[in-house]
Amino acid sequence: MLIPHDTRIALNVVVDLVNTAPESEQPEGGEPVDGLADTEALYAFAGRHRVSGVNELDEKDLRAVHDVRARFAEVFAAADAQVAASLVNTLVAAAGTTPQLSNHDGYDWHVHYFAPDASIADHLAADCGMALAFIIVAGETERLRRCEAPDCRHAFVDLSRNRSRRYCSSRTCGNRLHVAAYRARRREAAG
């Protein structure tokens with residue numbers, strides 16, 4: 001599946017956004033952690049993802065981003081493309097999309113779907129919503145997944161050729177489960 005560069009970036013942003021939710025971030029043996037607990041974390045998120053046009057952020061922005069995050073989580077949990085499309089349509093419409101060609105900050109021409117001076121929540125809803133719309137239009141909603149590791153609920157977009165990815169990270173969750181299965185087989189063989 002050929003995905004344009006700016007769509008791939010927006011998919012990475014929406015996955016990271018969904019994975020900041022407390023139900024996705026739970027340290028081993030600890031309480032769930034909200035990766036966007038305050039405006040400082042929101043500024044850091046915007047900086048890490050080079051979200052353009054971010055000025056002053058306040059608690060209202062934080063609450064609005066939390067709401068967008070929850071709606072995107074619903075898209076990853078959608079039972080089918082019809083439900084996912086309805087959720088994305090609602091998000092994108094509420095953001096007041098205004099598609100524009102842009103070439104800023106060293107990036108070549110790409111499309112911004114948010115209106116000029118949009119809030120960060122509308123910016124994320126529009127750009128990330130359109131990236132998810134790309135996946136839905138391509139008939140690839142099964143690529144929107146949650147990690148199958150029992151102690152992980154991270155979202156990811158399976159961009160493998162054969163749609164076989166099961167874990168958010170093969171280095172962490174996948175490797176940890178493979179090692180545990182290997183050790184269990186060894187114990188069983190020894191016993």
Side-chain angles (χ1 to χ4, degrees), residues 1-21 23-24 34-36 38-39 41-146 154-159:
M1 181 163 96
L2 183 62
I3 300 175
H5 178 72
D6 54 325
T7 301
R8 190 177 295 260
I9 289 171
L11 288 171
N12 290 338
V13 173
V14 72
V15 164
D16 193 29
L17 179 62
V18 169
N19 289 338
T20 64
E23 58 271 11
S24 293
D34 189 336
L36 292 177
D38 53 31
T39 55
L42 185 55
Y43 275 115
F45 179 89
R48 188 168 58 251
H49 291 289
R50 300 177 78 180
V51 178
S52 59
V54 173
N55 297 316
E56 292 296 316
L57 298 175
D58 58 24
E59 289 297 318
K60 179 182 173 189
D61 293 306
L62 184 62
R63 285 189 303 276
V65 170
H66 284 175
D67 181 54
V68 167
R69 175 179 70 184
R71 292 173 182 264
F72 280 137
E74 291 176 25
V75 174
F76 277 83
D80 58 38
Q82 187 66 42
V83 173
S86 177
L87 292 164
V88 168
N89 282 341
T90 300
L91 268 163
V92 170
T97 57
T98 308
Q100 297 178 51
L101 288 170
S102 181
N103 67 339
H104 62 88
D105 300 327
Y107 290 109
D108 203 1
W109 288 105
H110 59 283
V111 179
H112 280 192
Y113 293 97
F114 56 92
D117 299 322
S119 69
I120 187 169
D122 285 346
H123 180 132
L124 293 171
D127 268 1
C128 296
M130 291 307 297
L132 291 173
F134 177 89
I135 296 293
I136 295 166
V137 167
E140 301 284 355
T141 54
E142 73 275 2
R143 291 182 182 272
L144 304 177
R145 299 199 174 150
R146 291 287 187 162
H154 279 173
F156 66 94
V157 179
D158 179 4
L159 296 179

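Just so it is clear, the model here is predicted, and its values are computed rather than measured.
- Using modelled atom types, one side-chain atom of His66 and one backbone atom of Leu36 make a donor-acceptor pair closer than 3.5 Å.
- Atom CZ in Arg146 sits 6.5 Å away from atom CD in Glu23 (nearest 0.5 Å).
- Leu11 and Val14 make their closest contact through O-CG1, 3.1 Å (heavy atoms, listed as atom of the first residue, atom of the second, distance).
- Here the straight-line distance linking atom CG of Leu57 with atom CG of Leu62 works out to 9.0 Å at 0.5 Å rounding.
- Closest approach of Cys128 and Ala10 over heavy atoms only: SG-O, 3.6 Å.
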Report task. Apply salt bridge (Lys or Arg N to Asp or Glu O under 4.0 Å) to Arg71 and Asp67, showing your working. Result -> CA-CA 6 Å; Arg71 292 173 182 264; Asp67 181 54; 3.2 Å; yes
Query raised in the report: Would Leu124 and Phe45 count as a side-chain contact (heavy atoms from CB on, under 4.5 Å) if you check the C-alpha gap in whole Å, the side-chain angles of each, and the deciding distance to 0.1 Å?
Result: CA-CA 11 Å; Leu124 293 171; Phe45 179 89; 4.3 Å; yes
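- Of the possible polar contacts, none joining the Asp16 side chain to the Val13 backbone as a donor-acceptor pair under 3.5 Å is found.
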Report task. Evaluate the criterion side-chain contact (heavy atoms from CB on, under 4.5 Å) for residue pair His5 and Asp108; output intermediate values, then yes/no. Result -> CA-CA 10 Å; His5 178 72; Asp108 203 1; over 6 Å; no
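- Between Phe114 and Asp122, the closest heavy-atom pair is CB-O, 4.3 Å.
- A donor-acceptor pair under 3.5 Å links the side-chain atoms of Arg143 to the main chain of Asp158, judged by distance alone.
- Within a 6.0 Å sphere centred on CG of Asp58, heavy atoms belonging to other residues, nucleotides or ligands number more than 12.
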Query raised in the report: Can you list the steps and then say if Leu91 with Val68 is a side-chain contact (heavy atoms from CB on, under 4.5 Å)?
Result: CA-CA 8 Å; Leu91 268 163; Val68 167; 4.3 Å; yes
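- Closest heavy-atom contact between Arg8 and Ile3: N-CG2, 3.7 Å.
- Residues Leu17 and Thr20 come closest through the heavy atom pair O-OG1, 2.6 Å.
- Among all heavy-atom pairs drawn from Ile136 and Ala81, the shortest one is CG2-O, 4.3 Å.
- A 4.5 Å side-chain heavy-atom check between Val157 and Phe76 finds at least one atom pair inside the cut-off.
- Enclosure of atom CD in Glu142 by more than 12 non-hydrogen atoms of other residues, nucleotides or ligands within 6.0 angstrom is indicated.
- Using a distance-only test at 3.5 Å, with no hydrogens or angles considered, a donor-acceptor pair links the side chain of Asn19 to the main chain of Val15.
- In this structure a side-chain-to-backbone donor-acceptor pair under 3.5 Å is missing from Ser86 to Val83.
- Atom CE of Met130 and atom CG of Asp6 lie 11.0 Å apart (nearest 0.5 Å).
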